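Keep in mind it's a predicted model, so treat the numbers as computed, not measured.
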Amino acid sequence: MEETQSSISSEIQQWSDAKIALLIFIAGLILFTAGLSVYRFDESSIRYAMYCMEMKDHPIGWFPYLNGTQDQRLLIPYPLLAYWSSQIFGGKINMFTVSLPSSICGALSLMLIYLIGAREKREIGLYAVLFTVGSYYFISLARTPCPAMFVICASLFGYFALTQTQKKWWTWFTILPISAIGFVFCGFPGFIFAMYVIIPEF
């Protein structure tokens, strides 16, 4: 028995960080989507279902439609992704389909957190992932339609990319799209958050 456990432990230690990161992504996606299809919409998520329902009856513009008029509280990217998600699954509009974009970003965020920590030591990356998964707030965001998950994921990617190299052209290539993602998903607050994370690495 001990020899078997030692063999398994030795094999895991030989895995590459990329392989572990992929497994973390898959596990995170399962965690963030499990059972969502039977969940009911609450007051904060029902409007995303309504965006999807009205998407096919109105032209795509800067803002989604709600009750026949443009809802200027939110730009179009997340409602459009939620609508495409529902179309992939046969036009079904439920918590799973409208939350899937958030769940994917949540799983990608876990993967990036591991990769950032694993630069120092593999255990640091794993502990960072466990601490993040232990956060009720993070799991709640990843299991609901939440544009902010895109800002979190993009900011983590920006930090990861900027700390990979000191080349000036790569810095600008990274910072411009990350700041744009922050803005289109969460407006000016999203832009500020993304800049707050990646500017110190400039």
Task: Ile76 vs Val184, side chain to side chain contact (heavy atoms under 4.5 Å, CB included): CA-CA, chis, key distance, verdict - done: CA-CA 8 Å; Ile76 194 66; Val184 300; over 6 Å; no
- [ ] Look at the side chain of Glu54 and the backbone N and O of Pro64, then say whether any donor-acceptor pair between them is shorter than 3.5 Å.
- [x] no
Open item on the list: Does Phe183, at its CZ atom, have more than 12 non-hydrogen atoms belonging to other residues, nucleotides or ligands within less than 6.0 Å?
Closed with: no
Open item on the list: Quick check for you: to the nearest 0.5 Å, what is the distance between Phe157 atom CZ and Met111 atom CE?
Closed with: 9.5 Å
Task: Donor-acceptor pair, side chain of Arg143 and main chain of Ala34, under 3.5 angstrom - done: yes
TODO: Verify whether one side chain among Tyr39 and Ser45 offers a donor that lies under 3.5 Å from an acceptor in the other.
DONE: no
Task: Separation of Ser99 OG from Ile104 CD1 (nearest 0.5 Å) - done: 11.0 Å
Open item on the list: Show, in sequence, the C-alpha distance, side-chain angles and deciding distance for Arg73 and Leu66, and conclude whether the side chain to side chain contact (heavy atoms under 4.5 Å, CB included) test is met.
Closed with: CA-CA 11 Å; Arg73 292 176 295 176; Leu66 185 64; 3.6 Å; yes
Open item on the list: Below 30° counts as parallel, above 60° as perpendicular, anything between as tilted: where do the rings of Phe89 and Phe96 land?
Closed with: perpendicular
Open item on the list: Is it the case that the side chain of Arg122 and the backbone of Tyr114 share a donor-acceptor pair, with hydrogens and angles ignored and the cut-off at 3.5 Å?
Closed with: no
TODO: In sequence, state the C-alpha distance, the side-chain angles, and the governing distance for Leu115 and Phe160, and then conclude on side chain to side chain contact (heavy atoms under 4.5 Å, CB included).
DONE: CA-CA 8 Å; Leu115 290 173; Phe160 176 76; 3.8 Å; yes
Task: Taking every non-hydrogen atom, the tightest pair across Lys56 and Tyr83 - done: CB-OH, 3.8 Å
Task: Donor-acceptor under 3.5 Å (Thr97 side chain, Ser85 main chain) - done: no
- [ ] Please state whether the rings of Tyr48 and Tyr51 are parallel, tilted or perpendicular, taking 30° and 60° as the class boundaries.
- [x] perpendicular
Open item on the list: Assigning hydrophobic clusters by single linkage (Ile, Leu, Val, Met, Phe, Trp, Tyr; side-chain heavy-atom cutoff under 4.5 Å), is Ile24 placed with Leu130?
Closed with: no
- [ ] Please check if the side chain of Ser135 supplies one atom and the backbone of Phe138 the other of a donor-acceptor pair under 3.5 Å.
- [x] yes
- [ ] List the steps and the verdict of side chain to side chain contact (heavy atoms under 4.5 Å, CB included) for Ser37 and Met95.
- [x] CA-CA 6 Å; Ser37 59; Met95 272 295 285; over 6 Å; no
TODO: Look at atom CD of Glu120 and say whether more than 12 heavy atoms of other residues, nucleotides or ligands are closer to it than 6.0 Å.
DONE: no
TODO: Return the orientation label for the Phe150 and Phe185 ring planes: parallel under 30°, perpendicular over 60°, tilted otherwise.
DONE: parallel
